[in-house]
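Working notes, structure below.
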Amino acid sequence: MSTSGESRVSGLEVRSIDYVPLNERHGRLWHLGPLWFMSNAQIATLAVGLISITEGGNLLWSLLAIVAGTVIGTFFMAFHSAQGPQLGLPQMIQSRPQFGYVGALLVWLFAYVQYAGFNVFNSILAADALHTTLHGGVRFWVVVVTAIALVIALVGYDIIHKAERFLTYTFLLVFGVFTVGVLVNLHYPAGSFDVGGFRWTPFLAQFGVVAGYQISWAIYVSDYSRYLPPDVTVRKTFYWTYFGSALGGIWLMVLGTLLAAWAGKDFETIRSINAAGDKVFDGFGAIVLLFASLGLISVTALNMYGGSLTLISGMDSFRRVRPTLGVRLLTIGLTAALSLVGALAATAHFLENFNDFLLLVLYLFIPWTAVNLMDYYVVRRGHYAIAEIFNPRGIYGRWGWHGIIAYLVGFAVMVPFFSVGKLFVGPAAEALGGADISLFVGLPVSALLYWWLTRSVDVEAETRIAEAEAEALEQAAHEHREP
């Protein structure tokens with residue numbers, strides 16, 4: 001679906017955290033499917049499917065944990081995606097009504113750390129894949145990967161959507177053949193499919209990492225749906241996002257589990273993919289790795305793009321920022337530089353503990369996703385005074401104590417249930433044999449507490465303000481300034 005008379009800017013995208021006016025809305029709803037399919041269908045996702053096998057779980061229960069974690073985790077990120085067309089705003093700036101004009105910095109800091117962490121891992125993985133096939137050195141390819149991703153992020157929204165659609169079609173061919181080869185040519189240890197091999201600790205560890213990985217996409221999703229016209233339905237936006245992301249995630253995580261079960265202690269992501277590909281025919285492993293590096297470059301661009309939006313949001317909390325092309329160039333450049341420095345300086349210790357990083361991401365964003373979704377779908381039911389989001393003295397305040405309190409309490413009650421490898425095991429998790437059920441504690445506590453604290457919110461009054469400011473909001477957007 002697209003709007004008539006749409007006004008687009010050729011070349012580099014100029015908008016960032018500002019509201020997208022109605023006459024610039026464009027795109028088709030189904031484009032969200034391949035975007036989120038391909039964002040997940042890359043070999044960094046494959047690495048998420050390893051934890052159960054490496055902790056002694058069997059293959060059958062590892063596969064079930066992946067499916068369960070994906071089904072539940074994707075549910076939250078897809079509902080965030082549906083906010084984009086309705087509000088015309090990127091994801092993280094939408095936290096201001098819950099956390100306040102300045103208070104939202106709490107979650108933006110965590111978001112930016114996530115973007116940086118994922119980019120370090122993705123760029124190193126892509127560089128390793130390219131070095132394995134084309135040689136030249138990992139450090140050289142880290143620079144190349146970062147540079148290409150930087151260009152894609154600078155061009156912006158439309159080129160990212162187009163690139164992901166193209167990669168989706170190619171993925172279905174290359175990884176379709178690769179997956180058939182893995183299923184036909186590889187053999188797995190005895191007991192891999194034994195129903196009686198269930199163990200709580202590796203099952204919940206795998207479930208938690210997968211759910212965390214899927215929830216971690218929640219901070220991106222409105223960034224890539226905000227240009228869609230507002231008459232697309234919440235239900236259809238949810239479906240295209242959900243099934244695209246879930247299918248891509250399950251496919252690659254299942255591949256990761258299968259490869260880890262086959263390779264055993266000898267498993268190493270790039271080398272094992274190469275070896276499994278060559279079992280299809282000689283040289284096919286290199287083809288798989290070359291294509292996989294393209295997927296990693298695209299998702300690195302997504303991280304730079306989202307990191308830029310988060311950085312601009314943070315700057316705007318201290319001093320109002322006019323959302324110009326120059327601001328986009330500066331913040332994407334800074335984000336790319338941070339990614340490059342981090343990747344060049346990263347140690348094997350960081351890479352070995354990527355799953356622990358994913359769990360920490362899950363812990364940090366469980367309370368946020370609970371608060372944000374409760375506010376949007378239950379408390380305010382999608383009615384926001386968008387101009388007030390950019391007003392430091394507006395109706396949402398500088399500090400949204402309802403959201404901050406709900407976030408901190410939700411996080412605090414999760415701590416005893418944390419189980420992060422060798423870093424920390426809470427007393428409740430220890431009593432459960434190392435099993436991590438913090439997701440099931442933090443989500444309801446933060447959501448219900450926020451609902452209880454916001455019972456006095458006058459949604460009708462806020463709606464009247466939004467209606468009164470609607471014309472000025474559109475005018476400010478046309479003039480490319482904050483309202």
* Give the intermediate values and the outcome of side-chain contact (heavy atoms from CB on, under 4.5 Å) for residues W262 and F267. => CA-CA 8 Å; W262 164 66; F267 179 82; over 6 Å; no
* Could you walk me through whether R381 and V378 pass the side-chain contact (heavy atoms from CB on, under 4.5 Å) test, one step at a time? => CA-CA 5 Å; R381 300 184 296 279; V378 178; 6.0 Å; no
* To do: Decide side-chain contact (heavy atoms from CB on, under 4.5 Å) for L439 and I215; before the verdict, give the C-alpha distance in whole Å, the side-chain angles of both, and the deciding distance to 0.1 Å.
  => CA-CA 11 Å; L439 171 68; I215 289 176; 4.0 Å; yes
* **Worked check of side-chain contact (heavy atoms from CB on, under 4.5 Å) between V420 and V425** => CA-CA 6 Å; V420 194; V425 178; over 6 Å; no
* **Verdict with reasoning, F440 to F207, per ring pair (Phe, Tyr, Trp, His ring centres under 6.0 Å)** => CA-CA 12 Å; F440 303 105; F207 173 90; 5.6 Å; yes
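Atom-to-atom distance recorded for L247:CG and I250:CD1 is 6.5 Å, nearest 0.5 angstrom. The distance from atom OG of S81 to atom CH2 of W240, rounded to the nearest 0.5 Å, is 12.5 Å. Here the CD1 atom belonging to I297 is positioned 13.0 Å from the CG atom belonging to L302, to the nearest 0.5 angstrom. To the nearest 0.5 angstrom, I270 atom CD1 is 6.0 Å from T132 atom OG1. Interatomic distance, Q42 CD to F171 CZ, rounded to the nearest 0.5 Å: 9.5 Å. Note that CD of Q86 is 10.0 Å distant from CD1 of I386, once rounded to the nearest 0.5 Å.
In terms of the side chain to side chain contact (heavy atoms under 4.5 Å, CB included) criterion, residue partners of S16 (sequence neighbours excluded) are, by chain and number, D18, L309, I312, P323, R328. When the ring pair (Phe, Tyr, Trp, His ring centres under 6.0 Å) test is applied to Y242, the partners found at least two apart in sequence or on another chain are F238. In terms of the ring pair (Phe, Tyr, Trp, His ring centres under 6.0 Å) criterion, residue partners of H161 (sequence neighbours excluded) are, by chain and number, Y157. In this structure, the side chain to side chain contact (heavy atoms under 4.5 Å, CB included) partners of V180, at least two apart in sequence or on a different chain, are V184. In this view, S62 and S52, I53, T257 satisfy the side chain to side chain contact (heavy atoms under 4.5 Å, CB included) rule, not counting sequence neighbours. The side chain to side chain contact (heavy atoms under 4.5 Å, CB included) check on L255 picks up L46, F175, F178, T179, V182, W251, L252, with sequence neighbours excluded.
L373 places a side-chain heavy atom less than 4.5 Å from the side chain of Q83. Side chains of Y112 and L338 form a contact here, defined as non-hydrogen atoms less than 4.5 Å apart. In this structure, V280 and N185 have side chains that are in contact, with non-hydrogen atoms separated by less than 4.5 Å. Using a 4.5 Å heavy-atom threshold, the side chains of V415 and F424 count as touching. Here the side chains of T310 and T335 are not in contact, with every heavy-atom distance at 4.5 Å or above. Side-chain contact between P230 and L22 is present, with heavy atoms from C-beta onward closer than 4.5 Å. A heavy-atom distance below 4.5 Å is not found between the side chains of Y384 and L89. Taking the side chain as every heavy atom from C-beta outward, E24 and R15 approach each other to under 4.5 Å.
Here the shortest heavy-atom pairing between W61 and F203 reads O-CD1, 3.5 Å. Residues A149 and A301 share a closest heavy-atom pair of O-CB, 3.5 Å. For the pair S123 and V120, the tightest heavy-atom approach, listed with the atom from each and the gap, is OG-O, 3.3 Å. Between T168 and P34, the shortest heavy-atom contact is OG1-O, 3.1 Å. Listed here is the closest heavy atom pair of A127 and V145: N-CG2, 4.4 Å. Heavy atoms only, all atoms of each residue included: L364 and P367 are closest at O-CD, 3.7 Å.
At least one donor-acceptor pair closer than 3.5 Å links the side chain of R25 to the backbone N or O of L228. The backbone N or O of L443 lies less than 3.5 Å from no partner atom in the side chain of S446, so there is not a single donor-acceptor pair. Remark: the backbone N or O of L130 is paired with a side-chain donor or acceptor of T133 at under 3.5 angstrom. No donor-acceptor pair closer than 3.5 Å links the side chain of T146 to the backbone N or O of A336. Between the S308 side chain and the M304 main chain, no donor and acceptor come within less than 3.5 Å of each other. Side-chain atoms of W141 do not come within 3.5 Å of backbone N or O of A126 as any donor-acceptor pair.
A donor atom on one side chain and an acceptor atom on the other are found under 3.5 Å apart for D375 and Q98. Using a 3.5 Å distance cut-off with no hydrogens or angles, the side chains of E13 and Y227 do pair a donor with an acceptor.
Residue pairs meeting the salt bridge (Lys or Arg N to Asp or Glu O under 4.0 Å) criterion with at least one partner in residues 128-149, sequence neighbours excluded, are D128-R271. For residues 295-304, the pairs satisfying side chain to side chain donor-acceptor pair (under 3.5 Å) are N119-N303, E164-S298, Y220-N303, with sequence neighbours left out. The stretch residues 237-263 participates, sequence neighbours left out, in no salt bridge (Lys or Arg N to Asp or Glu O under 4.0 Å) pair at all.
Of the residues L63, L50, T45, the one that meets the side chain to side chain contact (heavy atoms under 4.5 Å, CB included) test with M253 is T45.
The aromatic rings of F411 and Y407 sit parallel, their planes meeting at an angle under 30°, below the 60° perpendicular limit.
Here Y305 and Y224 bring their ring centres to under 6.0 angstrom of each other. Aromatic rings from H80 and W368 are positioned such that their centres are separated by under 6.0 Å.
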Side-chain donor/acceptor pairs under 3.5 Å, residues 193-201, sequence neighbours excluded:
residue, atom, partner, partner atom, Å
D194, OD1, G196, N, 3.0
R199, NH1, G56, O, 3.2
T201, OG1, G433, O, 2.6

Can you give each donor-acceptor pair under 3.5 Å made by side-chain atoms of residues 281-294, sequence neighbours left out, with the distance rounded to 0.1 Å?
residue, atom, partner, partner atom, Å
S293, OG, L290, O, 2.5

I'd like a table of donor-acceptor pairs (distance under 3.5 Å, sequence neighbours excluded) in which one partner is a side-chain atom from residues 64-79, with atom names and distances.
residue, atom, partner, partner atom, Å
T70, OG1, I66, O, 2.8
T74, OG1, T70, O, 2.6
T74, OG1, Q214, NE2, 2.7

